[in-house]
Amino acid sequence: MRKFGLFLVILLLLTVTGRYFLMPTLLEDESLTIPFSFHREDKKQPNEPEKDTPEPESVPEPAAPHPADSIIAGMTLEEKVGQMFFARCPEVGAADQINRLHPAGFILFARNFEGSAPENILRTTTNHQSESPIPLLIGVDEEGGTVVRISKFRAYRRWPFQSPQQLDQEAGIEAFTYDTQEKDQMLKSMGINVNLAPVCDVVTDSNAWMYKRALGKGATETAEFVRTVVGQMQKDGVGAVLKHFPGYGNNGDTHESSATDSRDLETYRQEDFLPFKAGIEAGANAILVSHVTVNCMDTGAPASLSPRVHEILRDELDFDGVIMTDDLSMEAVGGIASSGWAAVLAVQAGNDLIITSDFETQHESVVQAVRDGTLTETQIEEHIKRVLDWKVKLGLMQYSSTAQPESDTEDTNTST
């Protein structure tokens with residue numbers, strides 16, 4: 001019995017010795033394999049770097065489906081790029097341009113109306129539409145006053161439409177309403193669905209280049225004018241184009257030379273932006289950006305080619321419609337970039353539509369920029385979705401589940 005008791009004591013001593021003295025030593029030697037396991041806390045050694053836990057790779061969410069996807073899927077690159085151009089309508093060869101370059105639309109100028117008559121213009125625009133698988137925007141600058149492409153000719157109206165200042169002196173808001181309604185009826189009767197108006201610029205210096213085209217009053221009055229005009233255009237189903245963002249101010253003519261504005265950003269927010277906000281709230285689906293270089297936003301590029309200006313329009317003014325350039329053939333742009341490269345810069349800046357008098361060159365340059373990787377086809381597609389959305393809102397077409405748009409033959413009220 002004593003021997004058995006002594007054996008138990010020795011066994012107990014061996015167990016205790018192995019647990020508290022021998023085993024920790026063995027565990028420090030990582031080359032030894034322990035035939036059993038027990039819990040041991042991982043101790044961080046001095047100067048041992050923290051172990052980074054790899055972040056799981058984020059998988060980008062797929063883009064939300066867009067009703068234009070089926071149309072875009074059936075388009076070639078050339079067709080997609082074409083939908084980014086609002087081109088000056090050529091005197092001859094319009095059908096050829098439609099079939100080869102696939103423009104989003106044509107802008108008519110005085111030369112297209114001179115010596116003709118309303119029924120001839122309607123016949124021409126109808127022919128243009130029949131050539132294009134995707135309905136065309138057909139636009140004109142019929143502001144009233146010094147910019148009247150149609151009513152300057154007696155074949156269309158007994159006298160030209162009056163300027164905003166003349167209408168304001170005559171009857172104010174009431175005059176803006178009936179004047180806009182009469183313009184819209186005239187345009188629609190000739191197949192014209194977009195008027196590049198109203199002028200939203202706050203210009204108070206009577207010596208400034210834009211003064212005669214603007215209301216010539218402060219921001220509040222100009223905003224009310226814009227709200228009234230756009231509201232009536234929405235009722236009439238004619239596309240409004242707010243111009244010239246971010247506000248032309250008392251600057252010189254960008255058709256002939258560059259112009260720079262040195263006012264601070266807060267001035268724009270408190271004054272120049274107000275008429276554009278009013279137009280957006282009234283339902284305008286398009287805004288035209290000027291070629292004025294606005295130093296407080298971007299000292300390195302005119303507004304039309306500035307990503308920062310477009311960012312402000314999208315983020316601060318919360319505009320989700322079509323942004324378009326002023327004509328890229330103006331000297332304010334031509335003096336800093338070739339015609340083709342200017343179009344590429346316009347896409348990079350964030351424009352959805354490019355107004356052009358050099359369609360062939362600029363179309364080719366944008367196509368090539370996609371092919372060499374300067375632009376992506378996805379970029380082009382995102383821009384033309386907004387253009388197609390505008391065409392739907394104007395009642396020119398409807399989205400369907402097929403790859404081709406359905407033309408809307410009904411007179412659709414596009415008020416939103």
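We're numbering straight along the sequence, starting at 1.
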- Query: After noting the C-alpha distance and the side-chain angles of Lys235 and Gln232, does the key distance pass the side-chain contact (heavy atoms from CB on, under 4.5 Å) rule?
  - Reply: CA-CA 5 Å; Lys235 291 178 183 177; Gln232 186 61 48; 4.2 Å; yes
- Message: I'd like to know if the side chain of Asn193 reaches the main chain of Leu137, judged simply by a donor and an acceptor atom lying under 3.5 Å from each other, with no hydrogens or angles considered.
- Response: no
- Message: How long is the straight-line distance from CG of Leu305 back to CG of Leu345, given to the nearest 0.5 Å?
- Response: 5.5 Å
- Task: Please check if atom CD in Glu174 has more than 12 non-hydrogen atoms from other residues, nucleotides or ligands closer than 6.0 Å.
- Result: no
- Pairwise side-chain contact, Ile192 with Ile150, heavy-atom cut-off 4.5 Å (strictly under): yes
- Message: Would Thr124 and Asn127 count as a side-chain hydrogen bond (donor to acceptor under 3.5 Å, both in side chains) here? Give the steps.
- Response: CA-CA 5 Å; Thr124 298; Asn127 289 340; 5.6 Å; no
- Identify the heavy atoms of Ala282 and Val230 that sit nearest to each other, and give their distance. CB-CG1, 3.7 Å
- Considering all heavy atoms, the nearest Asn112-Cys89 contact: ND2-O, 3.9 Å
- Is the backbone of Tyr248 close enough, under 3.5 Å, to the side chain of Asp201 for a donor and an acceptor to pair up by distance? yes
- Check: Tyr211 main-chain N/O paired with Gln165 side-chain donor or acceptor under 3.5 Å: yes
- Specify the closest pair of heavy atoms between Ala208 and Val203, including all atoms of both residues, with the distance to one decimal. CB-CG1, 3.7 Å
- Does the side-chain contact (heavy atoms from CB on, under 4.5 Å) test come out yes or no for Phe85 and Leu101, once each step is laid out? CA-CA 9 Å; Phe85 284 92; Leu101 304 177; over 6 Å; no
- Can you tell if the side chain of Thr356 reaches within under 4.5 Å of the side chain of Leu328, non-hydrogen atoms only? no
- Query: So His102 and Met75, side-chain contact (heavy atoms from CB on, under 4.5 Å) or not? Walk me through it.
  - Reply: CA-CA 10 Å; His102 322 285; Met75 297 168 69; over 6 Å; no
- Task: Please round to the nearest 0.5 Å and tell me the distance separating atom CD1 of Ile384 and atom CD1 of Ile134.
- Result: 7.0 Å
- Message: Between Glu364 and Gln368, is there a side-chain donor-acceptor contact under 3.5 Å, judged purely by atom types and distance?
- Response: no
- Please confirm whether Phe113 and Phe153 have ring centers closer than 6.0 angstrom. no
- Under the side-chain contact (heavy atoms from CB on, under 4.5 Å) rule, what do Glu182 and Arg157 come out as? Steps first, then yes or no, please. CA-CA 11 Å; Glu182 186 180 346; Arg157 197 169 187 267; 2.9 Å; yes
- Message: Using a 3.5 Å distance criterion without hydrogens, assess whether the side chain of Thr222 forms a donor-acceptor pair with backbone atoms of Gly218.
- Response: yes
- Message: If we ignore hydrogens and angles and just use 3.5 Å, is the side chain of Gln129 paired with the main-chain N or O of Leu136 as donor and acceptor?
- Response: yes
- Task: Before accepting this row, confirm whether a basic side-chain N of the pair Arg100/Glu131 lies closer than 4.0 Å to the acidic partner's carboxylate O.
- Result: no
- Return the minimal non-hydrogen interatomic distance between Pro135 and Leu396, and the atom names on each side. CG-O, 3.3 Å
- Side-chain touch Ile354/Val347, heavy atoms, less than 4.5 angstrom: yes
- Message: Regarding Asp326 and Ser304, do their side chains bring together a donor and an acceptor under 3.5 Å, going by distance alone?
- Response: no
- Task: Could you point out which residue of Lys391, Lys385, Arg386 forms a salt bridge (charged side-chain N to carboxylate O under 4.0 Å, His left out) with Asp352?
- Result: Arg386
- Item | Atom of Met297, atom of Pro246 and distance for their closest heavy-atom approach | CE-CB, 3.8 Å
- Query: CZ of Phe273 to CG of Leu313: how many Å apart, nearest 0.5 Å?
  - Reply: 8.5 Å
- Donor-acceptor pair between Asn351 and His310 side chains, under 3.5 angstrom: yes
- Message: Do the side chains of Glu224 and Arg227 get close enough for a salt bridge, i.e. N-O under 4.0 angstrom?
- Response: yes
- Query: So, is the end of the Lys183 side chain (NZ or CZ) under 6.0 Å from the ring centre of Phe161 and within 45° of the ring's axis?
  - Reply: yes
- Message: Can you tell whether the side chains of Glu311 and Arg314 come within less than 4.0 Å, N to carboxylate O?
- Response: no
- Tyr268 ring centre to Arg263 NZ or CZ under 6.0 Å, with the angle to the axis within 45°? yes
- How long is the gap from CG on Asp261 to OG1 on Thr293, to the nearest 0.5 Å? 9.5 Å
- Task: Begin with the C-alpha distance, continue with both residues' side-chain angles, and end with the deciding distance and a verdict on salt bridge (Lys or Arg N to Asp or Glu O under 4.0 Å) for Glu142 and Lys188.
- Result: CA-CA 13 Å; Glu142 190 69 20; Lys188 291 184 73 173; over 6 Å; no
- Closest non-hydrogen atom pair, Ile287 against Val241: C-CG1, 4.3 Å
- The reported gap from CG in Asp141 to CG in Asn195 (rounded to nearest 0.5 angstrom) is 7.5 Å
- Side-chain donor/acceptor of His244 to backbone N/O of His291, under 3.5 Å: no
- Query: Is a donor on one side and an acceptor on the other found under 3.5 Å between the side chain of Tyr399 and the backbone of Asp69?
  - Reply: no
- With rounding to the nearest 0.5 Å, note down the distance linking OG1 in Thr180 to CG in Asp236. 8.0 Å
- Do Lys243 side-chain atoms and Leu196 backbone N/O form a donor-acceptor pair below 3.5 Å? yes
- Message: Within the structure provided, determine whether Val92 and Pro90 are in side-chain contact (heavy-atom separation under 4.5 Å).
- Response: no
- Message: Is any side-chain heavy atom of Phe86 closer than 4.5 Å to one of Val387?
- Response: no
